[in-house]
2 protein chains.
Amino acid sequence: MWLKYIVNTYSFMTEHEMNTEQKILDAAKEVFQQKGMTGARMQEIADKAGINKALLHYYYRTKDKLFEKVFELAFSLFIPKVKEMMISDKPVFEKIEFFVENYLNLLQKHPYIPGFVISELNRNPEILVKIIGKNIQLKENNLLEKLERQISEEVVKGIIKPISAENLLTNVISLCLFPIVAKPILRGVLFENDEKMYEAFLEQRRDFVKEYIINSIKA
Amino acid sequence: MWLKYIVNTYSFMTEHEMNTEQKILDAAKEVFQQKGMTGARMQEIADKAGINKALLHYYYRTKDKLFEKVFELAFSLFIPKVKEMMISDKPVFEKIEFFVENYLNLLQKHPYIPGFVISELNRNPEILVKIIGKNIQLKENNLLEKLERQISEEVVKGIIKPISAENLLTNVISLCLFPIVAKPILRGVLFENDEKMYEAFLEQRRDFVKEYIINSIKA
DNA sequence: GTCTATACACTGATAGAC
DNA sequence: GTCTATCAGTGTATAGAC
């Protein structure tokens, strides 16, 4: 009865099984992301999924396994856009535009995921080791070297100023993610916890960040 | 020995001489910051403090109260530098230099605090309300308006390019804090989890961030 | 597959001796 | 102030009926 974990596909399951399994995953995602691994309760997940607590353990033997599944799905959601940008043959400016645009859209659809991933990763960095390999590292595909080379070329052509690929990537990701991850702090400090003001601020930053980064490396 | 009482360090004291309340606070700080509010165990805090579990409840009646104390101390540690920068009459470039320099130093001494604060704040944003008033908001002192005015003046003088105070502040804080908060991710993605490489990267960023921000707003 | 009932370890918190 | 002992509640996980 644990066949489905070994097979790692839904193709052998009936529609009924998949529905329950998906309902559990959706509920688990919600509860884990709000309460964290240690704060989440299997009872609450069961309630939210509209099923019995024992059924959770039937599908995902332990809380740990259920959590790992949720974490992996959350984490891998934010990887493809980074890879897609790195792989593309666009010039650097377009890469940045493409990434900021798409990342902020993704962030608007899933605002709680980065905070969730970062929180859990700080408590238990070993999770990353388990799910690595499924989410390719940049080094393995020489994507970082590729970007580095591209930057050098455009520097020679007089298009952009010198900057390491690591620093550029870190800047772009920091400027996109931090205002979402640290929302409660920034909203409090800058806008006296006014949610509407902060949403307007984030909306305004969509174009601002794009232009800011590009201008900052323009030769 | 009277010396130990005027020297602001524990290095001259034996464990028995250190007062119990401080020992508890130190232990609680360590455990809470590593495991989070829901993951922390009173037993572990008691063990780490070298005392009995019942004594925890004697000094801090509940786990919640102990946590709030730890959280407030952690949070307020990172506020003064922001205020100090905003209040000062330095020109914008020097403000940025001062802030980045001092914030990164503070961060090096307490690298796990921002992640802790952000994590707990995302789970329970109401904590901030409880400790506000003790940690002055920027709006209350018109510090944000002051910075905004200063920027306008320097724009007119042709020193810097136009940028809102909120965006500038957000950028500076993001570029300083995010690489620390998201360390496990960036270290994994950029440096294959090589800790030494990442530390070198952070060290290199100390000057880089300063110059990057200043260049980015230079007219 | 889904349920009820339950095992049983652990947690925060208190009572009471010293 | 500090300890031992213990309670009441809650948590994950399992057994077994259907």
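Bear in mind that the values here come from a model prediction, so they are computed numbers and not experimental data. To find a chain, count down the sequence lines: A is the first, B the second, and so on, and within it residues start at 1. Note that these values count all heavy atoms, side chains included, but never hydrogens, waters or copies made by symmetry.
- Take A/K146 and apply the side-chain hydrogen bond (donor to acceptor under 3.5 Å, both in side chains) test, not counting sequence neighbours, and it matches A/D89.
- Atoms CG (A/L66) and C1' (D/dA13) sit 13 Å apart, rounded to a whole Å.
- For A/Y60 and D/dT12, the OH to C1' distance is 18 Å, given to the nearest whole Å.
- The side-chain hydrogen bond (donor to acceptor under 3.5 Å, both in side chains) test applied to A/S119 returns B/S119, not counting sequence neighbours.
- A/Q34 and B/N122 are not linked by any side-chain donor-acceptor pair at a separation below 3.5 angstrom, with hydrogens and angles left out of the test.
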Which side-chain N or O atoms in residues 104-117 of chain B pair as donor and acceptor under 3.5 Å with protein atoms at least two apart or in another chain?
unit_1	atom_1	unit_2	atom_2	d
B/N105	OD1	B/R206	NH2	2.3
B/N105	ND2	B/E101	O	3.4
B/Q108	OE1	B/R206	NH1	3.4

Enumerate the protein-to-nucleotides 14-18 of chain C contacts in which both atoms are nitrogen or oxygen and the separation is below 3.5 Å.
none

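- The pair A/R205-A/E199 does not meet the salt-bridge criterion, since no charged nitrogen lies less than 4.0 angstrom from a carboxylate oxygen.
- Distance, A/K63 NZ to C/dC10 P: 15 Å, rounded to whole Å.
- Residues B/Q22 and B/D26 have side chains that bring a donor and an acceptor to within less than 3.5 angstrom of each other.
- In this entry the distance linking NZ of B/K65 with P of C/dA13 reads 10 Å, nearest Å.
- Listed by chain and residue number, nothing satisfies the salt bridge (Lys or Arg N to Asp or Glu O under 4.0 Å) test with B/K63 (two or more places apart in sequence, or in another chain).
- Residues B/N102 and B/E84 have side chains that never bring a donor and an acceptor to within less than 3.5 angstrom of each other.
- Near DNA chain D, meaning a heavy atom under 4.0 Å from it, residues 32-46 of chain A has A/A40, A/R41, A/M42 in order of number.
- A/F201 and A/Y198 have tilted rings, their planes meeting at an angle from 30° to 60° on a 0 to 90° scale.
- Atom-to-atom, CG of A/D47 to P of D/dG11 comes out at 11 Å; the value is rounded to the nearest Å.
- A sub-4.0 Å separation between OP1 or OP2 of D/dG1 and a side-chain N or O of B/T20 is absent.
- Look at A/Y58 and you won't find any side-chain N or O under 4.0 angstrom from OP1 or OP2 of C/dC3.
- In this structure, B/L56 atom CG and C/dA13 atom P are separated by 10 Å, rounded to whole Å.
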